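Just below is one structure, and these are the notes that go with it.
Since the structure is predicted, the reported quantities are computational estimates derived from the model, not experimental observations. As the structure lists them, so they are numbered: ligands from 1, and atoms in each ligand from 1.
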Amino acid sequence: MDLGIAGKRALVCASSKGLGKGCALALAREGVHVTMNGRTAETLEAAAEEARAAGASEVRTVCCDITSEEGRAEALEVAGDLDILVNNAGGPPPGDFRDWGHEEWLSALNANMLTPIDLIKATIDGMGERGYGRIINITSSSVKSPIPTLGLSNGARAGLTGFVAGVARQMAAKGVTINGILPGPFDTDRLRSGIRYAAEQSGVNFEEEFEKRKKTNPAGRYGSPEEFGALCAFLCSAHAGYINGQNIVIDGGGYPGTL
Ligand code: NAP
């Protein structure tokens, strides 16, 4: 299926590894001009090489912290006029809510709520004027089903989701959609560090906990960044213009609700 987005311009934040990289590579395969981002130059350049090999007609890189004002300004400058924005950043650390003060909360809100809001604000009117825009927010299945040790993530991402629900309805007539993708467990560094934390808390070894959790998912496995990227690319496609303001869980069926 031709997704109809060859030649479009995308900024994929936090895309040197994991889910963001999965999105960047999937867009690259469709011939999108991709700007990739991460804080570590070596992994970022290696990921950009993969995107070039995957078919992107042009790949730019911005090595910066996307949660900083300067980082965002640099990313927007390098990426140019955008048709596609994929918001992503590292997730907040796990822990006990009793240990978190304002500093921890402000850091989580900055990374996982205010940063995507700033980037949406900076790009959405240009998309509207050009008549095409796809904004994807990578959030978490915790928006629908909170994870007790990830309270900072539960709170910040729910805030972003609430804000975006209103904006999505204001821009649809101009050809701009905003959707959230809510990952369940995907095999990335982030997942592994979370499992390491849980294993330490309960005094078991990492491999045991990793295998045990895998089996609790209805699919009997973790998701891959490639399948996450494929969903992202479809939501960015020319065919997805009528999918707007949605929060799509991709978790192997882990969320136990009927709807
Ligand atoms: P990951 O494998 O750890 O990859 C994170 C990527 O983001 C890396 O490329 C990292 O590179 C980059 N990054 C992190 N902070 C950044 C920043 N401030 N500025 C620019 N780049 C940054 O994580 P992931 O599993 O792909 O997770 C992506 C998001 O999805 C996170 O918010 C995570 O909480 C959420 N999520 C993941 C899962 C899962 O199962 N994997 C489930 C639910 C939600 P550098 O460190 O070099 O900057």
Glu227: what forms a salt bridge (Lys or Arg N to Asp or Glu O under 4.0 Å) with it, not counting sequence neighbours?
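Glu227: salt bridge (Lys or Arg N to Asp or Glu O under 4.0 Å) contacts with Arg221.
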
ring-ring contact (aromatic ring centres under 6.0 Å, His included) partners for Tyr255, two or more places apart:
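Checked Tyr255 against ring-ring contact (aromatic ring centres under 6.0 Å, His included); zero matches.
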
Pair listing, ring pair (Phe, Tyr, Trp, His ring centres under 6.0 Å) test, anchored in residues 69-120, at least two apart
none

Hey, which residues fall under 4.0 Å of ligand 1 on heavy atoms?
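Shell around ligand 1 (4.0 Å, heavy atoms): Ala14, Ser16, Lys17, Gly18, Leu19, Asn37, Gly38, Arg39, Thr40, Cys64, Asp65, Ile66, Thr67, Asn88, Ala89, Gly90, Gly91, Ile138, Thr139, Ser140, Arg157, Pro183, Gly184, Pro185, Phe186, Thr188, Asp189, Arg190, Leu191.
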
Is there a path from Met113 to Ile135 through hydrophobic residues (I, L, V, M, F, W, Y) whose side chains come within less than 4.5 Å of each other?
yes

Just checking Phe228 against Phe186, ring centres under 6.0 Å apart?
yes

Any heavy-atom pair between the side chains of Leu235 and Arg134 that's under 4.5 Å?
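The answer is no, as the side chains (C-beta and beyond) never meet within the 4.5 Å cut-off.
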
